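Just so it is clear, the values below take in all heavy atoms, side chains as well, and ignore hydrogens, waters and symmetry mates. The model shown is predicted, which means the values in this text are computed figures rather than measured ones. Just so you know, ligand 1 is whichever comes first in the structure, and atom 1 is the first atom listed for that ligand.
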Amino acid sequence: KLILLNSELLSREQALIDIEDRGYQFGDGVYEVVRIYNSHFFELEAHLERLERSAHEIKIKLPFTISELKQRIEKLKKSNNVHSGHLYLQITRGVSPRNHAFPEKAEPVLVAYTKEYSKEPSRIPGRAMFTDDIRWLRCDIKSLNLLGNVMAKDDATVKGYDEAIFHRGEIVTEGSSTNVFIIKNRILYTHPANHLILDGITRRKILSVAASLDIQVKEESFTKQQLLEADEVFISSTTQEVRPIIEVDGQPIGNGKEGDVTASLQAEFEIHISRSEK
Ligand SMILES: Cc1ncc(COP(=O)(O)O)c(CN[C@@H]2CONC2=O)c1O
């Protein structure tokens with residue numbers, strides 16, 4: 001399997017990263033994870049648009065156009081013959097002697113590689129725990145600065161949960177690597193897309209799919225208590241699609257099983273996926 005490093009397709013052994021790459025030393029970079037279904041990228045434009053925005057927000061000037069990037073990753077996907085899996089892609093500010101301030105000139109470093117799924121990611125209903133959201137206040141940027149996310153996810157995993165659900169005070173924001181939705185009286189709620197959450201590509205798709213199913217949508221924040229009293233809860237991400245959450249902090253949600261609104265959203269989402277494979 002080959003790796004894309006800047007504009008070259010290399011073996012893993014040849015794909016070398018410098019010890020003074022700012023992505024390595026400061027987490028100074030941005031990333032995307034793009035799903036591949038039936039050898040096609042899913043929602044590629046939306047992911048690359050968000051990548052461009054994330055880079056802009058941290059003042060990284062991309063050393064290539066989006067169409068050049070698309071060509072490179074298409075070539076990578078074909079070379080690796082990926083059928084069902086994902087592409088991981090990151091761009092750092094580049095290599096420069098270690099200094100907090102940005103280097104006068106450094107060439108951003110692009111790395112991308114693919115993963116073939118031996119089996120589809122599990123959508124079995126999950127169990128989550130609440131975790132204080134102590135991350136910085138630019139969670140809308142998909143950056144490599146993921147300590148707040150990975151420490152919460154590890155804590156949840158060690159305790160036997162499938163996801164950590166962040167909250168600031170009483171307000172639920174999102175999961176460690178997912179967005180969070182609740183359904184109450186057939187109304188779908190999710191945190192508004194602002195600086196406190198990542199505006200997930202799957203989140204956006206779900207909102208448009210819900211509208212097409214005549215499910216009322218409210219992009220309004222909700223509390224931990226409202227989540228615990230919801231009829232249904234689910235999380236969403238590129239890799240997990242729509243995943244029901246049936247228990248939080250040991251408390252069952254609704255009847256403790258996947259809800260029918262959640263199931264109908266996933267079913268409609270799958271139709272959109274199959275349409276995209278044309
Ligand atoms: C903090 C956070 N919130 C929400 C999401 C969901 O966004 P998408 O719907 O655009 O995927 C992610 C995705 N994280 C990526 C997706 O898979 N693995 C990751 O690290 C995330 O890391």
Review point. Among Asp199, Val180, Leu146, Val33, which one has a heavy atom closest to atom 16 (C) of ligand 1?
Key: Val33
Revision key, fill the gap. for atom 11 (O) of ligand 1, nearest protein heavy atom and its distance come out as Thr238 OG1, 2.7 Å
Point to revise | Lys/Arg-Asp/Glu bridge criterion (N-O < 4.0 Å) met for Arg127, Asp162 | key: no
Review point. Do Lys205 and Glu268 meet the salt-bridge criterion of a basic N to acidic O distance under 4.0 Å?
Key: no
Point to revise | Pair Glu120 + Arg35: basic N to acidic O under 4.0 Å | key: yes
Review point. What are the atoms of ligand 1, with element, lying closer than 4.0 Å to any heavy atom of Lys142?
Key: 12 (C), 13 (C), 14 (N), 15 (C), 21 (C), 22 (O)
Practice item. Number the atoms of ligand 1 from 1 as they appear, then name those within less than 4.0 Å of a heavy atom of Asn149, with their elements. Key: 1 (C)
Exercise for review: Taking only heavy atoms of Glu174 into account, list the atoms of ligand 1 that are under 4.0 Å away from them.
Suggested key: 1 (C), 2 (C), 3 (N), 4 (C)
Review point. Is any side-chain N of the basic residue among Lys70 and Glu74 closer than 4.0 Å to the acidic one's carboxylate O?
Key: no
Check your understanding: Do side-chain atoms of His56 reach the backbone of Ser54 as a donor and acceptor pair under 3.5 angstrom?
Key -> no
Check your understanding: What residue and atom, counting heavy atoms only, is the protein's closest point to atom 12 (C) of ligand 1, and at what distance?
Key -> Ser177 O, 3.4 Å
Exercise for review: Please answer whether the main-chain N or O of Ser11 pairs with a side-chain N or O of Gln14 as donor and acceptor at a distance below 3.5 Å.
Suggested key: yes
Review point. How far is atom 6 (C) of ligand 1 from its nearest protein heavy atom, and which residue and atom name does that atom have?
Key: Asn179 OD1, 3.7 Å
Review point. Of all the non-hydrogen atoms in the protein, which one sits nearest to atom 20 (O) of ligand 1, and at what distance?
Key: Tyr31 OH, 3.1 Å
Practice item. Would you mind checking if Glu32 and Lys142 are paired as a salt bridge, meaning a charged N to carboxylate O distance below 4.0 Å? Key: no
Check your understanding: Should Leu51 and Ile91 count as side-chain neighbours, where that means a heavy-atom distance under 4.5 Å?
Key -> yes
Exercise for review: Within a distance under 4.0 Å of any heavy atom of Thr202, pick out the atoms of ligand 1 and give their elements.
Suggested key: 8 (P), 9 (O)
Exercise for review: Mark up the atoms of ligand 1 that fall under 4.0 Å of a heavy atom belonging to Thr239, in ascending order.
Suggested key: 17 (O)
Study note, to complete from the structure: Within 4.0 Å of some non-hydrogen atom of Gly200, the atoms of ligand 1 are 7 (O), 8 (P), 9 (O), 10 (O)
Review point. What atoms of ligand 1 come closer than 4.0 angstrom to any heavy atom of Arg50?
Key: 10 (O)
Exercise for review: Taking the side chain as every heavy atom from C-beta outward, state whether Ser236 and Thr178 have any pair of such atoms under 4.5 Å apart.
Suggested key: no
Exercise for review: Would you mind listing which atoms of ligand 1 come within a distance below 4.0 Å of any non-hydrogen atom of Ser176?
Suggested key: 1 (C)
